[in-house]
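Position 1 is the first residue of the sequence; numbering continues from there. If you're wondering where the values come from, they're calculated on a predicted model, not measured in any experiment.
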Amino acid sequence: MEEKRSNKQKKPKRLWLKISLAVIFVLVLGVGTYAYSIYHNAKETVNEKMHKTVTSIDPVVGKKKMNEQKPLNILLLGVDKRPGDSGRSDALMVLSLDPEQNKMQLISIPRDTRTEIVGKGTVDKINHAYAFGGTDMSIATVENLLDVELDYYVEMNMDGLTEMVDAVGGITVNNKLDWYDEGYYKKGYHYGKGEISLNGPKTMGYVRMRHLDPNGDFGRTKRQRQVIQAIVDKGASVASVTKIDNMIDVLGNNMETNLDFDDMKNLLLNYKGVRNNAVSYMMKGNGTKIGGIYYLQVPDEEIEKVHGMIANIKS
């Protein structure tokens, strides 16, 4: 009798163990299916919607550098495209990554910089290169200005920032300047000094203002970098895991790059340490008017300095 009673006592424990294991199995299966769904969606979006080759960059060279974990130079283009307009590059930045030294360098090129537009045969504002010849002409013009080789490019429609900010659930930034919106978001809206929360539309007002900023385009570019960093930080947070699919869809609709899905995985795995040592710089120059049009004249010594920063990122 005691032996039978003992067996009866063990059965409930075994039953609960089986139930627990079944629940764990279902959870693991569900998480695995969700993870695969995200992975599949990301791969399909990158390779079928975002990936675009350009004639000005040899893809073989960049892949070879990436596979050997060598320093890379990536052109970041923030493009303002509106109906009936070919668009202009609102933001131009050269991102240099050195995995050996775990170093990242982000150099901003002011949009009004006066330079030769390669392929057009004229001297104009550097942001007009995109209007004249799209991504290829922008790449060639930046390479010519700084005498550097670009390995990849990433182009983002600035209106996509609105959708991305909303996709991650909004961002928080530290606003250094107190002003009232001129109509980029909502005329008269107060952007108070200090820590402020932004949704998508408010973000566009925040990054587009420059007339009320004593630093003009320099101040606007700084706010653009600030917003991009805030999006990256929010997007990388655990709280945003359930929003990954929405973020992927937003990128697919607003971003173009010659990075394919395997390139992105390689960057994520082998270049992730570069964020440990990040440096930010903006090219300097003197504002002047030529023929009634404002330009930023960047002296040769400044161009040489920036060239050295990119070419000698290991130093």
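Through side-chain heavy atoms spaced under 4.5 Å, either directly or across other Ile, Leu, Val, Met, Phe, Trp or Tyr residues, Leu269 is tied to no other residue.
Taking the side chain as every heavy atom from C-beta outward, Leu251 and Met50 approach each other to under 4.5 Å. Using a 4.5 Å heavy-atom threshold, the side chains of Leu161 and Ile231 count as touching. Side-chain atoms of Val154 and Ile74, non-hydrogen and from C-beta on, do get closer than 4.5 Å to each other. Between Leu76 and Leu106, some side-chain heavy-atom pair lies under the 4.5 Å cut-off. In this structure the side chain of Glu155 never reaches within 4.5 angstrom of the side chain of Thr257, judged on heavy atoms. Taking 4.5 Å as the limit, every side-chain heavy atom of Ile107 sits out of range of all side-chain heavy atoms of Met93. Leu267 places a side-chain heavy atom less than 4.5 Å from the side chain of Met66. Taking the side chain as every heavy atom from C-beta outward, Val94 and Leu146 approach each other to under 4.5 Å.
Centroid-to-centroid, the aromatic rings of Tyr130 and Phe132 stay 6.0 Å apart or farther.
Looking at every heavy atom in both residues, Ile310 comes nearest to Ser96 through CG2-OG, 3.8 Å. Across every non-hydrogen atom of Asn47 and His51, the tightest pair is O-CB, 3.9 Å. For Gly285 against Pro299, the heavy-atom pair with the smallest separation is CA-CD, 4.1 Å. Of all non-hydrogen atoms in Asp166 and Pro201, the two that sit nearest each other are OD2-CD, 4.0 Å. Considering all non-hydrogen atoms of both residues, Arg223 and Val207 come closest at O-CG1, 4.1 Å. Residues Asn174 and Gly194 come closest through the heavy atom pair OD1-C, 3.4 Å.
Remark: His190 pairs with Tyr180 by the ring-ring contact (aromatic ring centres under 6.0 Å, His included) rule, at least two apart or across chains. For Thr162, there are no side-chain hydrogen bond (donor to acceptor under 3.5 Å, both in side chains) partners, not counting sequence neighbours. Scored by the side chain to side chain contact (heavy atoms under 4.5 Å, CB included) test, Ala230 finds Ile171, Val173 as partners (sequence neighbours excluded). The side chain to side chain contact (heavy atoms under 4.5 Å, CB included) test applied to Val250 returns Glu163, Met164, Ala167, Asn254, not counting sequence neighbours. Residues meeting the side chain to side chain contact (heavy atoms under 4.5 Å, CB included) test with Ser56, sequence neighbours left out: Val54, Asp136, Ile139. Every residue two or more places apart in sequence or in another chain was checked for a side-chain hydrogen bond (donor to acceptor under 3.5 Å, both in side chains) with Arg114, and none qualifies.
Applying the salt bridge (charged side-chain N to carboxylate O under 4.0 Å, His left out) test to residues at least two apart or on different chains, the pairs with a partner in residues 56-67 are Lys63-Asp260, Lys63-Asp263, Lys64-Glu68, Lys65-Glu149, Lys65-Asp151. Contacts classified as salt bridge (charged side-chain N to carboxylate O under 4.0 Å, His left out) and involving residues 116-125 (residues at least two apart or in different chains) are given here: Asp112-Lys125. For residues 253-288, the pairs satisfying ring-ring contact (aromatic ring centres under 6.0 Å, His included) are Tyr39-Phe261, with sequence neighbours left out. Sorted by first and then second residue, the salt bridge (charged side-chain N to carboxylate O under 4.0 Å, His left out) pairs with a member in residues 174-195 form an empty list; sequence neighbours excluded.
A donor-acceptor pair under 3.5 Å is absent between the side-chain atoms of Asn215 and the main chain of Phe218, judged by distance alone. Remark: side-chain polar atoms of Asn266 are not paired, donor with acceptor, to backbone N or O of Asp262 under 3.5 angstrom. Between the side chain of Glu143 and the backbone N or O of Leu150 there is at least one donor-acceptor pair closer than 3.5 Å. Listed for the Thr113 side chain is a donor-acceptor partner under 3.5 Å among the backbone atoms of Pro110. At least one donor-acceptor pair closer than 3.5 Å links the side chain of Asn253 to the backbone N or O of Asp249. Between the side chain of Asn258 and the backbone N or O of Tyr152 there is no donor-acceptor pair closer than 3.5 Å.
In this structure, CD1 in Ile109 is found 9.0 Å from CG in Leu77, a value given to the nearest 0.5 Å. Atom CD of Glu44 is separated from atom CD1 of Ile248 by 10.5 Å, given to the nearest 0.5 angstrom. Interatomic distance, OG1 of Thr115 versus CD1 of Ile303, reported as 6.5 Å (0.5 Å rounding). One finds the CE atom of Met204 at 12.0 Å from the CG atom of Leu198 (value rounded to the nearest 0.5 Å). If you take OG1 on Thr135 and CD on Glu256, they are separated by 6.0 Å, rounding to the nearest 0.5 Å. Note that OH of Tyr185 is 7.0 Å distant from OH of Tyr191, once rounded to the nearest 0.5 Å.
The same ILVMFWY cluster, assembled from side-chain heavy atoms under 4.5 Å apart, contains both Val148 and Leu75. There is no path of hydrophobic side-chain contacts, each under 4.5 Å, that joins Val118 to Tyr295. Val306 and Leu92 fall within a single hydrophobic cluster, where Ile, Leu, Val, Met, Phe, Trp and Tyr side chains are chained together by heavy-atom contacts under 4.5 Å. Using a 4.5 Å cut-off between side-chain heavy atoms of Ile, Leu, Val, Met, Phe, Trp and Tyr, with links allowed through other members, Ile117 and Val123 fall into different hydrophobic clusters. Note on Leu95 and Val227: same hydrophobic cluster, where clusters join Ile, Leu, Val, Met, Phe, Trp and Tyr whose side-chain heavy atoms are under 4.5 Å apart, directly or indirectly.
Relative to the ring axis of Trp179, Arg210 does not place its NZ or CZ within 45° and under 6.0 Å from the centre.
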What pairs of donor and acceptor atoms, side-chain ones from residues 286-294 against any protein atom, are under 3.5 angstrom apart with sequence neighbours left out?
none

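One finds no salt bridge joining Asp213 and Lys222 here, because no Lys/Arg side-chain nitrogen approaches an Asp/Glu carboxylate oxygen to under 4.0 Å.
For Lys272, the NZ atom counts as loosely surrounded, since its 6.0 Å shell holds 12 or fewer non-hydrogen atoms of other residues, nucleotides or ligands. Within 6.0 Å of the CG atom in Asp300, the count of heavy atoms belonging to other residues, nucleotides or ligands does not exceed 12.
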Notebook entry, point to check: When you look at Val79 and Met156, which way does the side chain to side chain contact (heavy atoms under 4.5 Å, CB included) test go after all the steps?
Noted result: CA-CA 6 Å; Val79 177; Met156 181 78 174; over 6 Å; no
Check: Taking it one step at a time, do Asn277 and Gln101 satisfy side chain to side chain contact (heavy atoms under 4.5 Å, CB included)?
Finding: CA-CA 9 Å; Asn277 184 15; Gln101 303 294 320; over 6 Å; no
